[in-house]
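Okay, structure first, notes after.
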Amino acid sequence: MDSIVSFGDWVRSRRKSLDLTQDQLGSLVGCSVSAIRKIESDQRRPSRQISDILANVLQIAPEQKEDFIRSARGDWRAFALGSFSAAQTGTVQKWSSLPIPPGELIGRSIELEHLLELLRDERRRLVTIVGLGGIGKTRLAVEAAHRAMDWFERGAVYVSAVAVHSDDSLTTALGQTLGLTFRGSSPVQDQLAQALTGLNLLLLIDNYEPLRLSGSLLKKIISRAAGVKVLITSSEPVGLLDEWVVQLNRLPVLEAYSPGYEQISSVRLFELEARRVNDRFTLEEQDPAAVIRICQLAEGNPLAIQLAAGWTRMLSCREIAAEMEKSFDFLMTSSKTVPERQSSVRAVYEHSVSLLNPEEKRVLEQLAVFQGGFRLQAAQRVTQASLPVLAHLVDRSLIFRRENQRFEMHELVRQYGLERLKLDPEAYQAARSRHSRLYARWMASTVNALESEQRGRLLLDMAEEIGNIRLAWDWALAQRDYENIEGVIPGLSVLYESQGWYQEGAYVFGEAVKQFCARVPEECGTEEPEKQSAHTITQARLRAHHALFLAHTGDTFRAAEEIQAARRLLSQLPGNWAAPDLERIFSQPGVVDRNNLPG
């Protein structure tokens with residue numbers, strides 16, 4: 001363009017280069033479509049206020065803004081409109097407000113590749129990364145946005161939703177980031193959606209919480225701005241039909257040391273963070289078992305690993321692991337660069353729980369009585385939870401479902417939930433009692449079916465539930481609950497034998513003998529013969545099963561002593577009392593060496 005154009009011509013050309021209609025420009029500026037038409041046809045000069053807004057909307061460089069306003073007010077030479085060629089006027093400005101990634105992204109190559117595929121696909125308009133607090137959602141999202149921003153004509157924009165409390169406040173935050181000013185009576189969400197229409201842009205909204213936000217803004221952006229892709233991090237899915245969810249789980253951890261352990265991503269992250277705070281730290285000088293234990297106790301949660309690594313300035317890895325085993329409150333930092341909600345593992349979980357309603361909080365706390373996972377029916381029996389409540393806890397990544405159809409809870413979440421549950425002793429006791437009764441009855445019914453063709457599958461089921469069986473057993477012993485103890489004994493013994501867990505069997509039944517048989521409880525006085533008999537029977541069975549595993553471990557002398565004690569107890573009962581499990585033990589070859597019986 002080699003001739004000077006009018007101000008109106010230039011506004012029209014600039015508006016079109018930004019893919020805005022006259023109606024959209026009017027909404028952004030805060031005036032009518034008629035006023036925009038008159039400005040573009042040079043029939044009307046905008047006021048200084050409108051000129052100032054026009055400068056922002058049309059993305060005039062700050063150093064040229066005053067000249068632009070003077071030109072709009074009539075001094076058309078001030079802005080040198082004719083110096084802009086058509087190509088210059090059509091130059092597209094790229095946004096780039098993304099945070100700078102803090103170092104290497106570790107252990108997320110598969111998730112990153114999947115996320116980039118979704119961002120590259122034009123049909124995937126809304127992508128949400130969900131996961132537990134501290135799992136690394138923001139870090140992954142920022143990395144993906146940096147790699148993908150060149151795919152979008154207008155670049156990528158980042159906004160944090162931590163401080164927003166409504167869709168309108170989120171709209172304001174996005175508007176500020178984009179340099180937009182909302183004017184007039186038109187709803188700000190509509191103004192933003194219209195401003196985005198025709199743009200090819202990636203929006204990264206961090207820490208989006210559906211509890212505070214209705215999703216109305218997202219719906220409008222997705223329905224009106226076809227070139228805009230929205231990437232969100234959240235503790236749960238947004239719940240829109242167009243949403244594609246990327247579940248972010250913990251980093252892998254080792255169960256025990258093996259050569260090359262330093263290549264495991266959780267260990268690599270610990271090493272990187274330790275070197276960041278302590279430049280003298282070297283993995284080679286550390287106890288590998290302690291490093292692995294730290295990652296195990298952190299359960300592969302990147303934030304927990306980072307917080308643990310922060311202590312390498314003062315403590316050895318063994319000392320860090322020991323402190324973590326005492327309490328997860330050890331995992332905290334005083335760094336002023338870390339958001340308060342991520343300053344400790346406790347803060348992370350308190351923030352996550354604060355977003356739950358009272359019923360969801362109650363269920364989460366009672367689920368903490370399970371150990372090693374649970375099945376859906378068990379969760380419902382113990383907590384009386386509805387399916388929607390459990391589903392929401394899954395959505396919030398507080399519990400998760402494995403491929404074997406079992407649900408699990410991160411151990412740190414479980415510890416936190418159990419701590420909260422214990423604040424209400426009555427609720428804690430009731431939940432533990434329901435849990436113990438459920439598994440005791442299940443064990444009693446299962447052991448009766450072990451002689452069938454289902455034996456192999458049932459033993460696998462029992463081994464899978466060993467954590468809950470142990471908890472149920474411990475609670476029944478502590479409460480001196482004869483019925484539940486009796487329900488567990490035969491099945492527990494069969495399980496330990498079938499798995500070859502002889503040492504544990506000897507220990508568990510030995511401790512039970514010490515705890516239960518050391519004294520006769522007051523409730524078993526002569527005035528209550530039924531309780532006295534129940535106590536005698538339970539003592540006899542515990543001693544007999546203890547003898548079984550002592551014999552398996554080669555301690556035949558003590559095994560013989562326990563068998564003799566069991567027979568002596570049974571002889572005190574009226575009639576000829578017997579039970580299948582005792583008959584099996586008494587008749588099993590090798591369990592009792594007669595030569596080892598005390599004289």
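Computed over heavy atoms, backbone and side chain alike; hydrogens, waters and symmetry mates excluded.
Taking each heavy atom of L477 and A512 in turn, the nearest pair found is CD1-CB, 3.8 Å. When all heavy atoms of A540 and L570 are compared, the closest pair comes out as CB-CD2, 3.6 Å. Scanning all heavy atoms of the two residues, the minimum distance from E243 to G239 falls at OE1-N, 2.8 Å. Across every non-hydrogen atom of A559 and A551, the tightest pair is CB-N, 3.8 Å. K137 approaches I129 most closely through the heavy-atom pair CD-O, 3.7 Å. Shown here for V277 and G310, the closest heavy-atom pair between the two residues is CG2-CA, 4.0 Å.
Looking only at distances, a side-chain donor or acceptor of E319 sits under 3.5 Å from a matching main-chain atom of S316. Counting only distance, with no hydrogens or angles, the side chain of R108 and the backbone of L140 share no donor-acceptor pair below 3.5 Å. Listed for the E236 side chain is no donor-acceptor partner under 3.5 Å among the backbone atoms of V130. Checked by atom type and distance alone, the side chain of S266 pairs as donor or acceptor with a backbone atom of P252 at under 3.5 Å. Listed for the S433 side chain is no donor-acceptor partner under 3.5 Å among the backbone atoms of A430.
By the side-chain hydrogen bond (donor to acceptor under 3.5 Å, both in side chains) test, E511 pairs with K514, sequence neighbours left out. Considering only residues two or more places apart in sequence or on other chains, Y496 meets the side-chain hydrogen bond (donor to acceptor under 3.5 Å, both in side chains) condition with E504. Scanning for ring pair (Phe, Tyr, Trp, His ring centres under 6.0 Å) contacts around W442 gives an empty result, with sequence neighbours left out. Checked against salt bridge (charged side-chain N to carboxylate O under 4.0 Å, His left out), R558 has the following partners two or more places apart in sequence or in another chain: D555. Not counting sequence neighbours, the partners of L376 by the side chain to side chain contact (heavy atoms under 4.5 Å, CB included) test are Q380, L387, L390, F407. Considering only residues two or more places apart in sequence or on other chains, R568 meets the salt bridge (charged side-chain N to carboxylate O under 4.0 Å, His left out) condition with none of them. Taking R381 as the reference, nothing meets the salt bridge (charged side-chain N to carboxylate O under 4.0 Å, His left out) condition, with sequence neighbours excluded. The side chain to side chain contact (heavy atoms under 4.5 Å, CB included) check on A440 picks up N484, V488, with sequence neighbours excluded. Every ring pair (Phe, Tyr, Trp, His ring centres under 6.0 Å) that F509 has, sequence neighbours left out, goes to W473, H545, F549. With sequence neighbours left out, E483 forms a salt bridge (charged side-chain N to carboxylate O under 4.0 Å, His left out) with no residue at all.
Summarising the geometry, atom CE belonging to M409 is positioned 10.5 Å from atom CG belonging to L132; distances are rounded to the nearest 0.5 Å. In this structure, CD1 in I264 is found 4.5 Å from CG in L254, a value given to the nearest 0.5 Å. If you take CD on Q499 and CG on L459, they are separated by 6.5 Å, rounding to the nearest 0.5 Å. Expressed to the nearest 0.5 Å, how far CG of D287 lies from SG of C317 amounts to 8.0 Å. Considering OG1 of T553 and CD of Q503, their distance stands at 5.5 Å, rounded to 0.5 Å.
Side chains of R414 and Q371: a donor on one and an acceptor on the other come within 3.5 Å. Counted by atom type alone, R567 and Q564 present zero donor-acceptor pairs between their side chains at under 3.5 Å.
Q286 places a side-chain heavy atom less than 4.5 Å from the side chain of F281. Under the 4.5 Å side-chain criterion, counting only non-hydrogen atoms from C-beta, L367 is not in contact with L398. Side-chain contact between R401 and V394 is absent, with no heavy-atom pair separated by less than 4.5 Å. In this structure the side chain of R420 reaches within 4.5 angstrom of the side chain of V353, judged on heavy atoms. At a threshold of 4.5 Å between non-hydrogen side-chain atoms, the residues I135 and R250 count as touching. Under the 4.5 Å side-chain criterion, counting only non-hydrogen atoms from C-beta, E325 is in contact with R293. In this structure, Y507 and W501 have side chains that are not in contact, with every pair of non-hydrogen atoms separated by 4.5 Å or more. By the 4.5 Å heavy-atom criterion applied to side chains, L307 and M324 are not counted as neighbours.
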Tell me, with the steps shown, if S235 and E209 meet side-chain hydrogen bond (donor to acceptor under 3.5 Å, both in side chains). CA-CA 7 Å; S235 59; E209 289 297 345; 3.1 Å; yes
Residues T128, V246; criterion side chain to side chain contact (heavy atoms under 4.5 Å, CB included); working and verdict: CA-CA 6 Å; T128 305; V246 176; over 6 Å; no
Check the pair D461, R457 against salt bridge (charged side-chain N to carboxylate O under 4.0 Å, His left out), reporting the backbone distance first and the verdict last. CA-CA 6 Å; D461 289 345; R457 180 184 62 80; 3.0 Å; yes
Yes or no on side-chain hydrogen bond (donor to acceptor under 3.5 Å, both in side chains) for R432 and Q429, after CA distance, side-chain angles and deciding distance? CA-CA 5 Å; R432 286 296 305 269; Q429 179 146 353; over 6 Å; no
Before you tell me yes or no, could you show the steps for T383 and V389 under side chain to side chain contact (heavy atoms under 4.5 Å, CB included), namely the whole-Å CA-CA distance, both residues' side-chain angles and the distance that decides it to 0.1 Å? CA-CA 11 Å; T383 70; V389 167; over 6 Å; no
Could you give me the CA-CA distance, side-chain angles and deciding distance for L438 and H435, then say whether side chain to side chain contact (heavy atoms under 4.5 Å, CB included) is met? CA-CA 5 Å; L438 172 68; H435 176 274; 5.8 Å; no
Full working for salt bridge (charged side-chain N to carboxylate O under 4.0 Å, His left out) between E285 and R280: CA-CA 10 Å; E285 296 178 357; R280 293 175 296 176; over 6 Å; no
I would like to know whether I485 and R541 meet side chain to side chain contact (heavy atoms under 4.5 Å, CB included); could you show each step before the answer? CA-CA 10 Å; I485 295 172; R541 297 182 87 165; over 6 Å; no
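Of the listed residues (V513, I537, V508, L569), just one forms a side-chain contact (heavy atoms from CB on, under 4.5 Å) with L542, and that residue is V513.
The pair R375-E464 counts as a salt bridge, with a side-chain nitrogen and a carboxylate oxygen less than 4.0 angstrom apart. Using a 4.0 Å cut-off between charged nitrogen and carboxylate oxygen, E143 and R139 count as a salt-bridge pair.
Evaluation of the side chain to side chain donor-acceptor pair (under 3.5 Å) test over residues 268-279, restricted to residues two or more places apart or in two chains, returns E104-R268, E271-R275, E273-R276. Here side chain to side chain donor-acceptor pair (under 3.5 Å) pairs that include residues 252-261, with residues two or more places apart or in two chains, number zero.
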